[in-house]
Peer 1: 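To start, I am sharing the structure in question, which I have written as structure tokens.
On a predicted model such as this, the values are computed, not experimentally measured, just so you know.
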Amino acid sequence: VMTMSIEKIQKEVIFQYTKVKNKIIFSTSIDLVAFGLGEQFGNFVKKCSGYHTDENGIHKTWSSVDVTVTSVLPPLKKK
């Protein structure tokens, strides 16, 4: 669990993680509306709906965003 802050709203978010060689990769999905960005997301939908329409003319935009954070671990120093 990590605390994420967006536009002064803090939420505890559960991340999955994997270790690959000298890196730890954290990933999760968040909902922009849950962070108080509903109005901004609505504006985005209005401006970009022509770019987010399928072949049947159906508008498709989701407020979920995938988040990935990669941290490189320093080499351990020998004592």
Peer 1: Could you give all pairs that pass the side chain to side chain donor-acceptor pair (under 3.5 Å) test and reach residues 26-45, with sequence neighbours left out?
Peer 2: Ser29-Asp66, Asp31-Ser63

Peer 1: What residues form a side-chain hydrogen bond (donor to acceptor under 3.5 Å, both in side chains) with Ser5, not counting sequence neighbours?
Peer 2: Gln10

Peer 1: For residues 12-23, please give each side-chain donor-acceptor pair under 3.5 Å, one per line with the distance, not counting sequence neighbours.
Peer 2:
unit_1: Glu12; atom_1: OE2; unit_2: Thr3; atom_2: OG1; d: 2.6
unit_1: Lys19; atom_1: NZ; unit_2: Lys21; atom_2: O; d: 2.7

Peer 1: In chain order, what residues pass the salt bridge (charged side-chain N to carboxylate O under 4.0 Å, His left out) check against Lys60, with sequence neighbours excluded?
Peer 2: Asp54

Peer 1: Could you state whether Met2 and Ile9 fall into the same hydrophobic cluster, counting links through intermediate Ile, Leu, Val, Met, Phe, Trp or Tyr residues with side-chain heavy atoms under 4.5 angstrom apart?
Peer 2: yes

Peer 1: How long is the gap from CD on Glu7 to CZ on Phe35, to the nearest 0.5 Å?
Peer 2: 11.5 Å

Peer 1: Got a second to check how far Ser71's OG is from Ile25's CD1, nearest 0.5 Å?
Peer 2: 10.0 Å

Peer 1: Tell me who clusters with Val33, hydrophobic residues only, linked when side chains sit under 4.5 Å apart either directly or through other members.
Peer 2: none

Peer 1: Using the ring pair (Phe, Tyr, Trp, His ring centres under 6.0 Å) criterion, which residues pair with Phe44? Sequence neighbours excluded.
Peer 2: His52

Peer 1: Same hydrophobic cluster for Met4 and Val65, using side-chain heavy-atom links shorter than 4.5 Å among ILVMFWY?
Peer 2: yes

Peer 1: With hydrophobic residues grouped by side-chain heavy-atom distances under 4.5 Å, do Val45 and Ile6 end up in a single group?
Peer 2: yes

Peer 1: Near Leu76 CG, under 6.0 Å, is it more than 12 heavy atoms from other residues, nucleotides or ligands?
Peer 2: no

